[in-house]
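As the structure is a prediction and not an experimental result, all values here were calculated from the model. Order of the sequence lines fixes the chain letters, A, B, ..., with proteins taken first and strands second; residue numbering starts at 1 for each chain.
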Amino acid sequence: MLQVPFIRENKDNVIKQLAVRNIDATKMIEDVISLDEERKQTQTLLDNALAESNTLSKEIGNLYKSGKADEANALKEKTTELKETTKTLNDKLSQTVDALNELLYKIPNVPHSSVPKGSTEDDNEVVFSEGTIPTLDKNALPHWELAKKYDIIDFELGNKITGAGFPVYKGKGARLQRALIAYFLDKNTEAGYTEYQLPLLVNEASGFGTGQLPDKEGQMYHVTEDNLYLIPTSEVPGTNIFRDVILEESQLPIGITGYTPCFRREAGSYGAHVRGLNRLHQFDKVEILRVEHPNRSYEALDEMVEHVKTILKELKLPYRILRLCGGDVGFTSALTFDFEVFSTAQERWLEISSVSNFETFQANRLKLRFKNSEGKNELAHTLNGSSLALPRVLAGILENYQTKDGIEIPEVLIPYTGFKIID
RNA sequence: GGAGAAAUGGCAGAGCGGUCGAAUGCGGCAGUCUUGAAAACUGUUGAGGGUCACACCUCCGGGGGUUCGAAUCCCUCUUUCUCCGCCA
């Protein structure tokens with residue numbers, strides 16, 4: 001959520017930059033400012049009334065002490081009136097604050113100046129690509145066929161146990177999953193991220209903290225009995241570590257990594273593009289997350305991009321990096337780079353990582369601050385990225401590494417899998 | 001799941017319904033002393049709103065109530081601890 005003082009001071013620029021997302025925020029921004037104005041006025045009136053009633057109460061106390069009960073009783077009548085006033089003002093204030101917040105929840109983050117204009121994913125900018133796309137045999141199969149052929153992922157079984165989108169990994173398939181998780185975690189901790197194991201269910205406050213609530217409620221599985229939500233990404237529990245936290249400047253930067261399954265309802269997604277591992281309700285992901293000083297958060301973003309590149313290079317997968325356009329960049333993000341792996345048999349790019357700088361957008365909701373060199377509390381910047389999401393990496397490996405003898409295992413993974421080929 | 005106890009500032013820990021945003025200790029910061037450090041001493045040290053700056057207002061786990069006035073009384077929820085039960 002954007003900060004009101006920031007909106008006030010940069011009104012025109014905010015509107016101009018939000019236009020990159022193809023939204024005309026003029027009215028929303030003006031409403032924010034006028035609601036905030038109203039909030040301040042009401043607050044002042046309320047404060048004055050409260051101040052008066054505080055003074056009166058003290059006087060009454062003193063009068064009682066000095067035995068002047070009559071005078072005290074006279075003053076009491078006055079405070080009764082004041083009570084009415086404060087109640088009315090208080091109601092008005094909370095209405096205004098609610099309206100203001102509701103509006104603020106609807107305004108997305110201001111895109112970074114480098115975010116290109118555009119409306120769909122076709123307008124994303126390819127900024128880097130690496131790796132060679134293998135020439136496969138004409139009998140090459142998409143990963144869901146390979147999964148069946150080598151009996152390593154059973155989609156139907158998952159269907160039976162739970163439903164579509166909950167695959168069962170078997171044998172070498174399961175082992176490969178575990179290998180990938182361990183390998184990613186090792187790479188991330190080597191790069192300085194501290195490993196965490198996080199809860200898979202979060203409460204309402206955490207959902208609000210990272211912005212899944214109130215808007216994207218339908219995307220999460222909700223355990224109504226206990227009012228908990230299954231996490232759609234470890235970003236939620238990971239970032240909420242820092243909810244209501246004031247750090248010392250010397251504690252920055254903070255980098256954490258964690259593996260969790262992720263649960264997404266993906267309501268309204270159907271068709272060929274969601275076949276096999278392309279889109280699941282439950283999938284595994286290893287995440288990296290940073291809390292940074294505002295001065296160097298973009299440097300940190302570059303470091304994260306470089307880090308993910310190293311992993312893909314080691315896995316020898318053909319990939320490219322996109323700078324997301326205004327129409328595609330997430331609600332909370334200021335700048336996002338997506339990584340895509342080429343799925344040779346499907347002949348399409350699959351998104352496997354998304355690395356973003358949220359600047360203060362999340363921190364503002366979380367109240368994540370640090371004491372700056374002047375001793376003032378200042379909002380920190382948060383960033384996160386997948387490093388990496390499993391299913392599509394797996395899809396990429398299965399498809400790109402298939403040979404007539406079986407599926408070869410990328411060399412860096414062999415110490416983790418204990419086998420060299422799936423056949 | 002049952003019974004009991006508790007929740008106060010970074011931590012520990014006081015707090016007869018008014019003078020309490022809150023004693024005291026520790027920690028943090030600044031200074032004195034010292035070649036430097038430690039010790040000692042002095043001062044300072046929660047968050048948010050508001051203001052040019054003050055004033056002023058709100059916050060003692062969350063929510064509600066009683067009262068002219070609540071950290072203090074009542075209700076409720078949550079969490080923690082102890083005991084019992086169940087259990088990976």
Side-chain angles (χ1 to χ4, degrees), chain A residues 1-9 32-101 103-104 197 199-209 213-214 222-229 237 240-252 254 261 291 360 362-380:
Chain A
M1 148 166 102
L2 295 174
Q3 301 160 83
V4 178
F6 175 81
I7 293 178
R8 283 175 171 280
E9 283 160 33
V32 164
I33 293 172
S34 67
L35 275 170
D36 190 51
E37 207 53 60
E38 196 182 326
R39 191 212 98 229
K40 276 195 201 177
Q41 281 170 14
T42 316
Q43 180 84 62
T44 307
L45 290 174
L46 176 64
D47 284 358
N48 290 341
L50 286 172
E52 198 182 337
S53 123
N54 285 343
T55 321
L56 285 175
S57 293
K58 271 177 199 160
E59 272 179 48
I60 291 170
N62 288 333
L63 286 172
Y64 271 125
K65 253 183 222 167
S66 45
K68 297 173 184 162
D70 291 350
E71 287 178 45
N73 287 331
L75 282 184
K76 270 196 194 178
E77 279 174 35
K78 249 177 137 178
T79 58
T80 321
E81 277 171 45
L82 268 177
K83 248 188 173 173
E84 285 299 312
T85 321
T86 52
K87 195 180 176 322
T88 317
L89 286 170
N90 213 348
D91 289 349
K92 193 183 168 199
L93 181 65
S94 44
Q95 274 172 28
T96 312
V97 170
D98 287 350
L100 179 59
N101 281 335
L103 191 54
L104 285 171
Q197 242 188 46
L200 307 183
L201 287 124
V202 293
N203 58 27
E204 219 170 21
S206 292
F208 271 95
L213 296 174
H222 188 189
V223 182
T224 50
E225 180 79 21
D226 299 292
N227 199 24
L228 297 173
Y229 295 85
N240 272 283
I241 293 173
F242 303 101
R243 174 153 47 87
D244 292 318
V245 166
I246 302 175
L247 298 161
E248 292 301 323
E249 193 168 6
S250 59
Q251 289 177 270
L252 299 176
I254 294 171
V291 181
T360 59
Q362 286 183 328
N364 189 33
R365 264 204 207 187
L366 291 164
K367 297 203 182 67
L368 162 56
R369 292 160 293 176
F370 68 98
K371 278 213 185 306
N372 65 21
S373 44
E374 287 162 19
K376 290 244 170 92
N377 293 332
E378 186 178 337
L379 292 173

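Nucleotide B:U72: unpaired (no Watson-Crick or G-U wobble partner with both distances less than 3.5 Å). B:A14 is unpaired under the criterion used here, namely a Watson-Crick or G-U wobble arrangement in which both key atom distances are under 3.5 Å. Taking a pair to require two hydrogen-bonding distances under 3.5 Å in either a Watson-Crick or a G-U wobble arrangement, B:C20 remains unpaired. B:C81: Watson-Crick or G-U partner is B:G4, with both key distances under 3.5 Å. Under the Watson-Crick and G-U wobble criteria, each requiring two contacts below 3.5 Å, nucleotide B:C59 is paired to B:G46. Both distances falling under 3.5 Å, in either a Watson-Crick or a G-U wobble arrangement, occur for no nucleotide opposite B:A53. The partner of B:A40 is B:U32, judged by Watson-Crick or G-U wobble contacts that both fall below 3.5 Å. Nucleotide B:C87 has no partner under the Watson-Crick or G-U criteria, as no pair reaches both atom distances under 3.5 Å.
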For A:L45 and A:K92, run side-chain contact (heavy atoms from CB on, under 4.5 Å): C-alpha distance rounded to whole Å, both residues' side-chain angles, the deciding distance at 0.1 Å, then the answer. CA-CA 11 Å; A:L45 290 174; A:K92 193 183 168 199; over 6 Å; no
Using side-chain contact (heavy atoms from CB on, under 4.5 Å), reason through A:N227 and A:E204 one step at a time and then give a plain yes or no.
CA-CA 7 Å; A:N227 199 24; A:E204 219 170 21; 3.5 Å; yes
What do the steps show when you test A:L89 against A:T42 for side-chain contact (heavy atoms from CB on, under 4.5 Å), and what is the final call?
CA-CA 7 Å; A:L89 286 170; A:T42 316; 4.2 Å; yes
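Nearest heavy-atom pair across A:L35 and A:T96 is O-CG2, 3.5 Å. Across A:V291 and A:A380, no two heavy atoms sit closer than the pair CG1-CB, 3.8 Å. In plain terms, the two heavy atoms of A:R365 and A:F208 that are nearest each other are NH1-O, 2.9 Å. Of all non-hydrogen atoms in A:L2 and A:I7, the two that sit nearest each other are CB-CD1, 3.9 Å. The shortest non-hydrogen separation linking A:Q3 to A:T360 is NE2-OG1, 3.2 Å. Here the closest non-hydrogen pair linking A:N372 and A:E249 is C-OE1, 3.4 Å.
Side chains of A:I254 and A:L247 form a contact here, defined as non-hydrogen atoms less than 4.5 Å apart. Between A:T79 and A:K83 there is no side-chain heavy-atom pair separated by less than 4.5 Å. Contact annotation: the side chain of A:K76 approaches that of A:I60 to within less than 4.5 Å [non-hydrogen atoms, C-beta and beyond]. The side-chain heavy atoms of A:V245 and A:R369, taken from C-beta on, include no pair separated by under 4.5 Å.
Taking every heavy atom of residues 76-83 of chain A and every atom of RNA chain B, pairs under 4.0 Å involve A:K76, A:T79, A:K83, by number.
Remark: the separation of the P atoms in B:G1 and B:A23 is 40 Å, to the nearest Å. Between B:U67 and B:U78, the distance separating the two P atoms is 28 Å to the nearest Å. B:G25 sits 40 Å from B:C84 when the P atoms are compared, rounded to a whole Å. When the P atom is used for both B:A22 and B:C81, the distance is 32 Å, rounded to whole Å. Separating the P atom of B:C73 from that of B:G28 is a span of 35 Å, rounded to the nearest Å. Distance noted for atom C1' between B:G50 and B:C57: 8 Å (whole Å). As rounded to the nearest Å, B:G15 and B:C86 have P atoms that lie 40 Å from one another. On the C1' atoms, B:G46 is 26 Å away from B:C41, given to the nearest whole Å.
Taking atom CG of A:L247 as the reference point, atom P of B:A47 lies 14 Å away to the nearest angstrom. If you measure from atom NZ of A:K87 to atom C1' of B:G64, you get 12 Å, rounded to the nearest angstrom. Separating the CD atom of A:E59 from the P atom of B:G69 is a distance of 15 Å, rounded to the nearest angstrom. Atom CG in A:N203 sits about 13 Å away from atom C1' in B:G62, given to the nearest Å. One interatomic measurement links the two molecules: CG of A:D244 to C1' of B:G10, which rounds to 15 Å at whole-angstrom precision. Between the NZ atom of A:K376 and the P atom of B:A47 there is a distance of 11 Å, rounded to whole Å.
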Show each protein N/O and nucleotides 17-20 of chain B N/O combination with a separation under 3.5 Å, one pair to a line.
unit_1, atom_1, unit_2, atom_2, d
B:G18, N2, A:S57, O, 2.7

Between the protein and nucleotides 70-80 of chain B, list every N/O to N/O distance that falls short of 3.5 Å.
none

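In this structure, a donor-acceptor pair under 3.5 Å is absent between the side chains of A:N48 and A:E52.
Applying the side-chain hydrogen bond (donor to acceptor under 3.5 Å, both in side chains) test to A:R243 and every residue at least two apart in sequence or in another chain returns A:S206, A:N240. Scored by the side-chain hydrogen bond (donor to acceptor under 3.5 Å, both in side chains) test, A:E59 finds no partners at all (sequence neighbours excluded).
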Counting primed atoms, P, OP1 and OP2 as sugar-phosphate and everything else as base, the B/S/- map of nucleotides 48-57 of chain B against protein heavy atoms under 4.0 Å is SBS-----SS
